Amino acid sequence: MARGIMKKINEISTLCGIEAGAIIYEQNNPEVQVWPSDSGVRSVISRFRSLPGLERSKKMVDQEVFLRQSIGKVYEQLKTQMKETRKKEMTNIIHHFIHTTEFNGYLMSKPDLNDLSYVIDENLREVNQKMKGMRIED
């Protein structure tokens with residue numbers, strides 16, 4: 001387990017271009033493991049301790065805070081992806097109507113119709129901007 005952790009710390013250190021160190025205590029192993037070396041860990045700790053208090057505390061997070069931050073970032077990515085997917089669904093409905101003249105609006109919920117209206121309005125704004133741009137060029 002410690003070997004895998006050390007490998008990940010090495011990868012993060014290399015990819016991010018940062019100094020890192022690890023002190024690993026395993027429950028069933030009385031020997032403490034350090035990475036990259038005793039002097040390397042001491043150097044990282046020394047540099048960290050030399051930072052002003054505010055700077056030092058700004059960079060400190062425990063596992064709970066780290067996980068909350070990670071979950072928050074993933075949640076924001078999910079919301080963005082859901083919006084993009086919704087816009088694509090509505091765009092597909094518009095394309096289907098353009099090509100077949102079939103529109104089953106009576107089967108759609110009010111939120112669906114609101115989203116469809118928003119996408120149509122957004123597309124109209126885009127078309128108007130392009131037309132204005134064409135007039136300026138002429």
Side-chain angles (χ1 to χ4, degrees):
M1 181 175 170
R3 178 170 280 158
I5 292 171
M6 289 184 198
K7 181 179 178 188
K8 290 294 178 192
I9 294 170
N10 183 31
E11 290 171 359
I12 290 170
S13 177
T14 302
L15 289 171
C16 298
I18 59 170
E19 283 187 68
I23 303 170
I24 300 172
Y25 295 93
E26 289 185 280
Q27 189 172 7
N28 298 328
N29 185 355
E31 188 177 316
V32 175
Q33 298 180 21
V34 293
W35 181 89
S37 64
D38 287 350
S39 62
V41 169
R42 283 191 182 97
S43 171
V44 170
I45 292 171
S46 174
R47 285 198 59 223
F48 180 73
R49 285 185 176 161
S50 70
L51 293 171
L54 182 60
E55 187 72 18
R56 194 177 345 164
S57 63
K58 186 172 79 173
K59 296 182 182 287
M60 290 177 62
V61 293
D62 61 13
Q63 188 172 10
E64 181 181 352
V65 171
F66 173 76
L67 289 174
R68 285 186 191 279
Q69 290 172 347
S70 297
I71 289 168
K73 288 177 186 174
V74 170
Y75 181 73
E76 289 304 315
Q77 290 172 344
L78 174 63
K79 281 179 25 180
T80 301
Q81 189 62 51
M82 287 173 67
K83 284 180 185 177
E84 289 176 16
T85 300
R86 186 68 174 161
K87 184 176 178 181
K88 287 178 182 178
E89 288 173 352
M90 295 301 117
T91 301
N92 284 340
I93 290 171
I94 294 167
H95 284 284
H96 178 76
F97 172 73
I98 290 170
H99 294 293
T100 66
T101 67
E102 292 177 14
F103 179 68
N104 300 324
Y106 60 90
L107 296 175
M108 297 175 75
S109 68
K110 185 173 181 177
D112 289 341
L113 292 170
N114 287 337
D115 288 347
L116 182 63
S117 174
Y118 176 80
V119 171
I120 290 170
D121 289 343
E122 196 175 77
N123 286 333
L124 286 172
R125 278 190 293 276
E126 208 174 290
V127 167
N128 285 331
Q129 285 179 343
K130 288 182 181 179
M131 288 174 62
K132 285 180 186 176
M134 292 170 70
R135 280 188 223 133
I136 290 171
E137 288 177 10
D138 288 343

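The residues of the chain are indexed from 1 along the displayed sequence. Treat the numbers as computed from the prediction; the structure is a model and nothing was measured.
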Are side-chain heavy atoms of [X] and [Y] found at a separation under 4.5 Å?
X	Y	value
Q129	K132	no
N92	H96	no
D115	E89	no

Could you grab the distance from atom [atom1] of [X] to atom [atom2] of [Y], nearest 0.5 Å is fine?
X	Y	atom1	atom2	result
W35	I5	CH2	CD1	13.0 Å
I93	M108	CD1	CE	4.0 Å
M90	R86	CE	CZ	3.5 Å
D121	N128	CG	CG	10.5 Å
T14	I9	OG1	CD1	11.5 Å
N123	I94	CG	CD1	5.5 Å

List the residues meeting salt bridge (Lys or Arg N to Asp or Glu O under 4.0 Å) with [X], not counting sequence neighbours, and say none if there are none.
X	value
K88	none
D38	none
K79	E76
E102	none

Next on the checklist: Is there a continuous path of hydrophobic side-chain contacts, each under 4.5 Å between heavy atoms, that joins F97 to L124?
Outcome noted: yes

Checklist entry - Is there a chain of hydrophobic side chains (I, L, V, M, F, W, Y, each step under 4.5 Å between heavy atoms) that links L51 to V44? => result no

Checklist entry - Pairs in or reaching into residues 9-18: which pass salt bridge (Lys or Arg N to Asp or Glu O under 4.0 Å), with residues at least two apart or in two chains? => result K8-E11

Partner set under side-chain hydrogen bond (donor to acceptor under 3.5 Å, both in side chains) for [X], not counting sequence neighbours:
X	result
K87	E122
R42	none
S39	S37
S109	D112

Checklist entry - Do any N or O atoms from the side chain of S46 and from the backbone of S43 form a donor-acceptor pair under 3.5 angstrom? => result no

Item to check | Heavy atoms from other residues, nucleotides or ligands near CZ of F103 exceed 12 (cutoff 6.0 Å) | outcome: yes

Under 3.5 Å donor-acceptor pairs involving side-chain atoms of residues 60-68, not counting sequence neighbours:
residue, atom, partner, partner atom, Å
D62, OD1, E64, N, 3.3
D62, OD1, V65, N, 2.8
E64, OE2, R68, NE, 3.2
E64, OE2, R68, NH2, 2.8

Checklist entry - Hydrophobic clusters join Ile, Leu, Val, Met, Phe, Trp and Tyr when side-chain heavy atoms are under 4.5 Å apart, directly or via other members; which others share one with I18? => result I12

Checklist entry - Which residues, ordered by chain and number, are linked to Y25 in its hydrophobic cluster, where ILVMFWY side chains connect at heavy-atom gaps below 4.5 Å, directly or through other members? => result I23, V32, V34, V41, I45

